[in-house]
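Following: one structure in structure tokens, then a few remarks.
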Amino acid sequence: MAEAMKQTVATMLKGIERYNPDNLPTLERYVEVQSRENAYDLEANLAVLKLYQLNPQGFNIDITSQILLKALTNFPHTDFILCKCLLNERQLSEEPINQIMYLGDILEQCDFQIFWKRVHSMPELTQRIAGFLDSIRKFVCHVVGITYQRVDRVHLAELLGDVDDLTLKHWVKKYGWKEEGALIFIANQDENIKTKNINEKIDFDNVGAIMASCH
Amino acid sequence: MYSSDDYEQGYNKDYDYNSYDTDFGAHSGDATVDNDFNRQYFKMPELVVKFLKYFCECVRDRQVFELQNLYEGSWPKLTEEFFEKRPWPEETDVMTHVNKDPVFMILYKELYFRHIYARIQGGPTLEQRFNSFYNYCDLFNYILSEAEPVSLELPELWLWELVDEFVYQFQSFAQYRARLQKKTAQELENLNTHNKVWNVLCVLNVLHSLVDKSNIKQQLEVFAAGAESDSVAGEFGRHSLYKMLGYFSLVGLLRLHSLLGDYYQAIKVLENIEVHKKSQFAHVPACQISTSYYVGFAYMMMRRYSDAIRTFSSILLFIQRTKQLFASKSYQHDQINKQTDQMYHLLAICLVLHPQCIDESIQQTLREKNYHEKMYKMQYGDLQEFENCFCTLVLNSFHLVLHR
């Protein structure tokens, strides 16, 4: 369904159409579909927030929350900030948006243990977003991948939100990491350092003008 | 030219027309009445009459080079000589000298209002803001609603400043409207009944229409691929007037989206423009600088600091190297100086948050202008210093727009 809607929605985002409040119901439905089917369309979601910004009386806090949670799933990209910039201070302090803002904050600081504690303490907030937890785990793995060379497996399980051993194995396999007893080997970070070669390419055309004026 | 502070300070103060006032003796003491009074008795100098006649002829005959001289040279010069502290002559006074040429009158009024915004102490009145808006509507209706391209040609700098001013006046209006406490009941009612004036959708609509009419997006796409852009330009887009208005409208949209906090759209609108590259569209330095300013700002707000640093240092380098070229044109020079200063501040913030090597000569300037002291404070987590760097320069133009 999300795929099918994508086309219709794309025409609603072109040029001045993007600001047509009549499109809002369709776009809001599209947000719901994204939550249900684990699809994602940042551009459409930003258009919804934009319409709320220009037509404050139509502001729907439930849809906005879904958009923000979906944006969290796309860390480390800047989607969350982009959405946040379209909301005003009053909206940001409303329940449950303020909760989501907090989640965004600690996620950005990579305080994963605190993050999971929070999420588990209010399951109803994120339940409706299909694949939410796994998307966050992907981000965790990304951070782990650029941070550690070896990591304690208990610690890793904690970072992934207190997952059981089977789930842990699944993520280890997915990212090509290796189990070494109590440790997990992530990568040899030394190998990731790339030396930079700077080549200056200057051809005749570049200097032609200077040479001509030297005469 | 873009200082919003000027209005804030001057607003509601009595008008100060220096020598003009004293010439006429008795006063009612009411600023607006005095204002009208002065206008009636102001006789247009012969030089100005001649200038306006010639100006009108050049517009009609599409003498672009001559227009460029008049626009960049004579207009500022006459402004300084005769209209330093007062508006240019009223529409009705000018009309008689130029055979009521409707197109010229629209263009004249655009300059007339722009001068009021920039130079007149106290800033434009509500009525002037409204009229300036209606005049823009007339202008864009004229350009956009004809079945064929209109036979008008204007210098590129003029077109750029026209679009830029349009967005600026929108911004200025939003700020003006937000200052409720200083307004009389009459003014508030006026604002309420005319809520379509300077409406954000209307401004967006104009810019989008100019973009669409000129096929500028397609042109840039083809141009980026190395082909001849004329092939997709269409009937309107082939004309330099439409093409350049389209291009400048993209930059206008960049600015508008930035003001509205929509940084994704701001960057996206420029997708086929290579900001760092020279092209056929990059003849107006003020436009190039402004583009980089808003692109860098959008990147910074998106927390893409390395992109922001790249954008800022590249344009600051450009300014450093070409500074003497626009030093002669004072009114552009001020604006560029101001933006340059703001960009150094933003660059300093970005470098604190995302330390990296930058061009040695930019580093040098940062050192010379004592930015390293500010950066040092910020590095030690001095939030106040962050605020100083960000707010004093940037915030007065941003965000206020949204407080409706």
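The figures here come from the full heavy-atom set of this structure, side chains too, leaving out hydrogens, waters and symmetry mates. Note on naming: letters A, B, ... go to the chains in the order of the sequence lines (proteins, then strands), and numbering restarts at 1 for each one.
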Counting only non-hydrogen atoms closer than 4.5 Å, does A:E108 touch chain B with its backbone (N, CA, C, O), its side chain (CB onward), both, or neither? side chain
So which heavy atom on A:C85 is nearest to which on B:G261, and how close? CB-O, 3.4 Å
Nearest 0.5 angstrom please: A:F80 CZ to B:M302 CE, how far? 15.0 Å
Results of ring-ring contact (aromatic ring centres under 6.0 Å, His included) for A:F75 - residues two or more places apart only: A:F139
Distance (rounded to the nearest 0.5 Å) between A:L54 CG and B:N199 CG: 8.5 Å
With a cut-off of 6.0 Å (strictly less than), are more than 12 heavy atoms of other residues, nucleotides or ligands near NZ of A:K174? yes
For A:W171, check ring-ring contact (aromatic ring centres under 6.0 Å, His included) against everything at least two apart and list the hits. none
Nearest 0.5 angstrom please: A:L86 CG to B:Y263 OH, how far? 9.0 Å
So which part of A:I81 gets closer than 4.5 Å to some heavy atom of chain B, the side chain, the backbone, both or neither? side chain
List for me each residue that meets side-chain hydrogen bond (donor to acceptor under 3.5 Å, both in side chains) alongside B:S361, sequence neighbours excluded, and say none if there are none. B:Q320, B:D359
Rounded at 0.5 Å granularity, tell me how far OG1 in A:T78 sits from CE in B:M301. 12.0 Å
In terms of the angle between their ring planes, are B:H208 and A:Y19 parallel, tilted or perpendicular, with boundaries placed at 30° and 60°? tilted
I need the B:L201 CG to A:N55 CG distance, nearest 0.5 Å. 7.0 Å
Suppose a student defines contact as a heavy atom less than 4.5 Å from any heavy atom of chain B. Which residues in residues 35-52 of chain A would they list? A:L42, A:E43, A:L46, A:K50
Quick one, B:V200 with A:Q53, criterion side chain to side chain contact (heavy atoms under 4.5 Å, CB included). Give me CA distance, side-chain angles, the key distance, then yes/no. CA-CA 11 Å; B:V200 61; A:Q53 188 189 48; over 6 Å; no
Checking salt bridge (Lys or Arg N to Asp or Glu O under 4.0 Å) for the pair A:R18/B:D262: CA distance, chi angles, key distance, verdict? CA-CA 13 Å; A:R18 186 169 184 258; B:D262 200 343; 3.1 Å; yes
Just checking A:Q7: does its CD atom have more than 12 heavy atoms from other residues, nucleotides or ligands closer to it than 6.0 angstrom? no
